[in-house]
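Sequence lines set the chain letters: A, B, ... in the order given, protein chains first and strands last, and positions in each chain run from 1.
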Amino acid sequence: MPELPEVEIVSRGLARAMLGRRISGVKLNRLDLRFPLPQGFAARLEGRTVEAVGRRGKYIIASLSEGERLLMHLGMSGRFTIFPRHGKASSLGEFHFEESGGGIHDHVVFALDDGTRIVYTDPRRFGMMDLVPAAELASHRLMKGLGVEPLGRGLTPRYLACAFDGRIAPLKAALLDQRLVAGLGNIYVCEALFRSGLSPTRRAGTLVKDRKPDPRLRTLIKEIRSVLKRAITAGGSTLRDYAGTDGTSGAYQHRFSVYDRPGKPCVRRGCTGRVKRLIQSGRSTFYCPVCQR
DNA sequence: AGCTCGACCTGCACGC
DNA sequence: TGCGTGCAGGTCGAGC
C-alpha cells in the first residue's frame, strides 16, 4: 500500500481534479469496503463542492461545502484514477469514457460537474471512506489517536524521546505505530532505519537516556524526512498495484537500499554485510545486520 | 498500558 | 497445467 509519499501524491492528484468542482453524481458498485460506507453516502456527496483536499497520516481528507468532510484511506491496494471528460491523454492508454469505473474492483465512482470521473479501485478492499461533519473530524475514531506528521514541526528528538521512553517494542514496531508518528509504513521505516544505521530490532527505549533523546534520534528524524521527501519527488514507490491518479507508476522502488533486497550486498560503502530479512510483528523487515546497530 | 498476533480480502509468484 | 503455499504498501481489535 501506499505509505505517506504515495498518499501525498494521490492527494495532490485529487486536488488538481476536484478543487472547486461540484460532485454531480456518485456511483456505488460495492458498499463493503473495510467498513460499510455510511448511510446516504452518495446522496450526501451529490451537489457538494470540493473546497480542499489534504492528507493526515495515510488518510486523504476532502473538505466539501456545507462543512462535510470526506475521509478516505487506500488500505493496501486502493487507488484513484482520474478520467478527464475527453480522456485521451491519460497514461493508462486508450480507453473509453463510458467504460471507466466498470472494472470488477471499481467500487466507487465520483462524477464531477466538468465531466471528470474519479474511480476508486481496491481489489483487497482494505481501504475505507467515511463522511463526517467538519466539527467531528478531529474526534473521529480513526483520526483522534494519530501521532505527529513526520514532515511537520511536531516530530522532534524530544517528542520521540517522550514517545519511546520505557518502551521495549522493537524500534521498527514503534515507528510503524501510527499513534506515535502518522504516515510511516513498512518500506520507508526499513529505508530510514538503514540510512540511520539503527537496527530495527533494537528496543525503542534504548534511544532515551534519563528521559533525554539520544543524539541518534536527530539522525533518525533527518533520515525519515529525507527518504519521504525523495520518495514524493520520485512519484512514490510502485511494487504491485500502486499508481498515481493519472495511472503512472512511481520510481522510488528503484532506489531501495534494503527493502525487498534480501541476500543482496549492503550498499553502504565499505560494508561487507548482506541484507537480511526477518519477520517483526508479522511483517517483513529488511536491514543490514553489520552496519545497523 | 504495552505488545503480539490473527483477521480482514484478493492476486500473484513460486515450487512441485 | 494445476494446485498448494506464502507473501504483499495497513490497521483494528482480541488476548496475553
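Remark: P of C/dG10 and CZ of A/R79 are 17 Å apart, rounded to the nearest angstrom. A/F35 places its CZ atom 12 Å from the C1' atom of B/dA7, with the value rounded to the nearest Å. Here the P atom of nucleotide C/dT11 and the CG atom of A/D130 are 16 Å apart, to the nearest Å. C/dG10 atom P lies 8 Å from atom CD of A/Q178, rounded to whole Å. Residue A/D106 contributes atom CG, which lies 14 Å from atom C1' of B/dT10 at whole-angstrom precision. One atom, CD1 of A/I279, and another, P of B/dG6, lie 12 Å apart when rounded to the nearest Å. If you measure from atom CG of A/D260 to atom C1' of C/dG6, you get 14 Å, rounded to the nearest angstrom. Computed from coordinates, the A/R141 CZ to C/dC12 C1' distance equals 8 Å when rounded to whole Å.
Ion pairing between A/D246 and A/R16 fails under the 4.0 Å rule for side-chain N and carboxylate O. A salt bridge links A/D214 to A/R216: at least one charged side-chain nitrogen sits closer than 4.0 Å to a carboxylate oxygen. No salt bridge links A/E191 with A/R255; every basic N to acidic carboxylate O contact stays at or beyond 4.0 Å.
Side chain A/R283 to base C/dA8: no donor-acceptor pair is found below 3.5 Å.
Across all strands shown, A/S284 has heavy atoms under 4.0 Å from sugar-phosphate atoms exclusively, and none from any base. At a threshold of 4.0 angstrom between heavy atoms, the contacts of A/Y252 with the nucleic acid are absent. Here A/R277 lies in heavy-atom contact (under 4.0 Å) with sugar-phosphate atoms only.
By the 6.0 Å contact criterion, NZ on A/K209 is enclosed, its count of non-hydrogen atoms from other residues, nucleotides or ligands being greater than 12. The environment of A/I279 atom CD1 is dense: over 12 non-hydrogen atoms of other residues, nucleotides or ligands sit within 6.0 angstrom.
When distances are taken from the side chain of A/K58 to each of C/dC12, B/dT10, C/dG10, the shortest belongs to C/dG10. The side chain of A/F126 approaches B/dC8 more closely than any other nucleotide in the set B/dT10, C/dC12, B/dC8. Of the candidate nucleotides C/dT11, B/dT10, C/dC12, B/dT10 has the atom lying nearest to any side-chain atom of A/H105.
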Mind listing the N/O atom pairs, protein and nucleotides 1-4 of chain B, below 3.5 Å?
{"residue": "B/dC3", "atom": "OP1", "partner": "A/I168", "partner atom": "N", "Å": "2.8"}
{"residue": "B/dC3", "atom": "OP1", "partner": "A/A169", "partner atom": "N", "Å": "3.0"}
{"residue": "B/dC3", "atom": "OP2", "partner": "A/R167", "partner atom": "NE", "Å": "2.6"}
{"residue": "B/dC3", "atom": "OP2", "partner": "A/R167", "partner atom": "NH2", "Å": "2.4"}

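Each of A/I104 and A/R34 was assigned the nucleotide of DNA chain B with the nearest heavy atom; the assignment lying further toward the 5' end belongs to A/R34.
One N or O on the side chain of A/R48 and one on the backbone of A/R44 form a donor-acceptor pair closer than 3.5 Å. With hydrogens and angles disregarded, no donor-acceptor distance shorter than 3.5 Å links the side chain of A/E46 to the backbone of A/I23. A donor-acceptor pair under 3.5 Å links the side-chain atoms of A/T238 to the main chain of A/G250, judged by distance alone.
Rounded to whole Å, the C1' atom of C/dG6 lies 16 Å from the corresponding atom of B/dG6. Atom P of B/dC5 sits at a distance of 14 Å from the matching atom of C/dC7, rounded to the whole Å.
Below 30°, between 30° and 60°, or above 60°: for A/Y188 and A/Y252 the angle between ring planes is between 30° and 60°, a tilted geometry.
Within the structure, every side-chain polar atom (N or O) of A/H73 is placed at least 4.0 Å from both OP1 and OP2 of C/dG10. For B/dT10, one of the phosphate oxygens OP1 or OP2 lies less than 4.0 angstrom from a side-chain nitrogen or oxygen of A/R125.
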Worksheet item: How does DNA chain B look in dot-bracket notation if pairs are Watson-Crick or G-U with both distances under 3.5 Å, crossing ones as [ ], other-strand ones as |?
Response: .|||||||.|||||||
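Side-chain atoms of A/L151 and A/L4, non-hydrogen and from C-beta on, do get closer than 4.5 Å to each other.
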